[in-house]
Amino acid sequence: MTKTPVISARNLDKFYGEFHALKNLSIDVAEGERVVICGPSGSGKSTLIRCFNALEYHQSGQLIVDGIEVYEGSNEIIRLRQNVGMVFQQFNLFPHLTVLENLMIGPLKVRRVSKADAEATARRYLDRVHIPDQADKYPRQLSGGQQQRVAIARSLCMESKIILFDEPTSALDPEMINEVLDVMVELAEDGMTMVCVTHEMGFARKIADRMVFMDDGEIVEVADPETFFTAPRSERCRDFLEKVLHH
Amino acid sequence: MAGLSKSLAAPQPPAPELRRPPFLRRLTRSTGFSILVYAVVLAAIGYASYAGAARMGYNWQWYNIPRYLYRFTDDGFQLGELTLGLVMSIYLCVTSFAIAFVLGLVIALLRLSDLIIGKWLAVCLLEFLRNIPLLVLVYLFYYVLGPIFGWDRLTAGILCLGVFYAALISEILRAGILATPKGQWEAARSIGMTRGQAYRYIIIPQAWPLMLPPLTGEVIQLIKSSAIVSVIAVAELTTIGRNLISDTYMSFEIWFTVALIYLAVTLAISLVVTALEKRVSHNA
């Protein structure tokens with residue numbers, strides 16, 4: 001990697017009570033890079049990316065995201081989150097707002113852009129996730145796949161530099177997974193910096209610059225997709241791939 | 001179908017119709033019956049009071065009541081004492097509810113905050129207010145805090161009710177806020193909202209419909225409790241009623257009237273809020 005990292009994690013440790021969720025973990029993500037993190041459940045993948053936008057805080061080590069050091073009590077967290085979008089497994093759209101309002105509320109209230117600009121941006125991104133005609137509906141009127149695409153558009157509307165995906169397709173019915181993945185592939189092709197936690201290995205293979213395998217709070221293996229899928233070095237990674245790929 | 005050939009072969013008992021509930025149950029569940037029961041109970045109460053009053057030789061003067069509600073004098077239309085008392089009661093309730101709501105919100109947010117001191121302060125205040133009788137609190141506000149801060153009886157009454165109900169309302173607000181899924185918080189924070197913005201634009205609008213029914217309960221409770229400030233002689237409905245009785249000795253008529261006025265106000269509020277709830281749930 002020659003580019004400067006936009007996410008730089010050094011020796012992160014995190015505990016939930018006695019449970020050691022992240023163990024002395026280090027990783028860099030470069031600008032424009034697409035990193036896919038996989039691993040068995042409980043391995044700390046979600047915890048790691050939730051640390052990246054300060055939804056969780058690590059307890060020791062150093063984490064710098066987009067030039068801002070992340071620590072509990074920092075008064076730059078709000079600025080950090082404006083540049084780091086997140087897409088959740090459960091979509092977490094705001095149910096009392098229409099699709100358009102869901103997309104506009106961040107730019108309006110946080111970035112304080114004008115209403116006309118916010119709406120133009122919102123419509124542009126709705127177009128980009130292929131649901132321009134759902135603008136005035138409420139989230140509960142949409143299918144899961146559509147809701148997740150709205151959630152992606154909501155992140156895009158904040159003009160984030162980095163988008164974190166926390167198992168974006170795990171809560172979807174199988175027939176809706178591809179419509180969400182397609183949007184993510186398009187994003188990747190446009191050069192967005194992405195960190196995805198996902199079990200969709202076909203997708204990972206298509207877009208990842210780097211694959212990361214985590215287990216038990218540690219990064220076990222980092223490799224380019226080709227090597228990762230054809231010649232994984234560690235036993236644990238081979239076991240895991242065996243299970244996910246043959247399903 | 002199969003039943004047809006069978007019935008040709010041998011006479012069958014007629015298929016039972018969809019069974020109607022027994023006569024008695026149909027009767028007791030009908031609206032007419034409910035109204036009848038209601039009327040009978042009311043008549044019984046009315047008769048019992050009349051009979052009792054007659055036995056004690058009570059002199060009913062219902063015809064004297066309307067002039068305490070309104071009267072026409074040489075100066076034209078005037079509100080009667082009871083109506084003025086009601087206006088004062090409403091003023092008392094509206095102002096103390098406003099105080100209770102704002103203070104309740106502050107207490108709720110303090111309890112939900114990360115500030116240890118704030119949490120402790122809120123919990124102490126809450127336990128203190130919830131665990132002493134309202135009557136004692138009224139005395140405390142009027143006889144102790146009143147002279148210290150120079151409050152008149154009305155101010156003391158309003159503040160007392162406001163603070164007492166703030167404790168109850170804060171619990172309702174807190175429960176409503178806690179009922180909002182955690183993911184909503186995370187989504188709000190992840191698009192860079194501050195805690196205050198998340199409350200204002202995301203959490204409160206969703207929690208509001210949940211809070212409305214129990215809040216109505218508290219408003220009605222507040223209206224009823226407002227009668228207690230008559231012990232410090234704030235000129236509200238109950239105090240006026242008591243004063244009128246000591247002037248006129250019409251205790252039966254006046255207490256009945258006062259009770260009906262409270263009933264009318266609280267029922268009206270219930271109806272309005274029920275309509276409001278329907279609208280809120282349609283929009284949500």
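So that the names make sense, note that chain A is the first sequence line, chain B the second, and so on, each numbered from 1. None of the values given here were measured: they were computed from a predicted structure.
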Could you tell me whether Leu271(B) atom CG has more than 12 heavy atoms of other residues or ligands within 6.0 Å of it? yes
Tell me, yes or no, whether the heavy-atom count around Phe15(A) atom CZ, taken from other residues, nucleotides or ligands under 6.0 Å, exceeds 12. yes
What one should report as the nearest heavy-atom pair of Ile191(B) and Met158(A) is O-CE, 3.1 Å
Residue among Arg154(A), Arg111(A), Gln90(A) with most heavy-atom pairs under 4.5 Å to chain B: Arg154(A)
Reported CD-to-CG distance for the pair Gln184(B) and Asn92(A), which is rounded to 0.5 angstrom: 6.0 Å
For the student: nearest non-hydrogen atoms of Met86(A) and Ser190(B), plus distance: CB-CB, 4.1 Å
Scanning both residues in full, the closest heavy-atom pair of Thr194(B) with Ile78(A) reads CA-CD1, 3.8 Å
Please determine which of Glu101(A), His96(A), Lys109(A) meets the side chain to side chain contact (heavy atoms under 4.5 Å, CB included) test together with Tyr201(B). Lys109(A)
Under 4.5 Å from any heavy atom of chain A - which part of Gln197(B): side chain
Interchain contact, Ile77(A) with chain B, by part (heavy-atom threshold 4.5 Å): neither
With chain B, which of Val87(A), Leu93(A), Leu80(A) has the greatest number of heavy-atom pairs at distances under 4.5 Å? Leu93(A)
Other residues, nucleotides and ligands only: do more than 12 of their heavy atoms fall within 6.0 Å of CD1 on Ile148(B)? yes
Got more than 12 heavy atoms from elsewhere within 6.0 Å of OH, Tyr16(A)? yes
Minimum side-chain heavy-atom gap Pro205(B)-Phe94(A) below 4.5 Å: no
CZ/Arg26(B): more than 12 non-hydrogen atoms of other groups inside 6.0 Å: yes
For chain B, which candidate among Gln82(A), Arg79(A), Arg50(A) shows the most heavy-atom pairs at distances under 4.5 Å? Arg50(A)
If I take atom CD1 from residue Ile202(B) and atom CD1 from residue Ile105(A), how far apart are they, to the nearest 0.5 angstrom? 4.5 Å
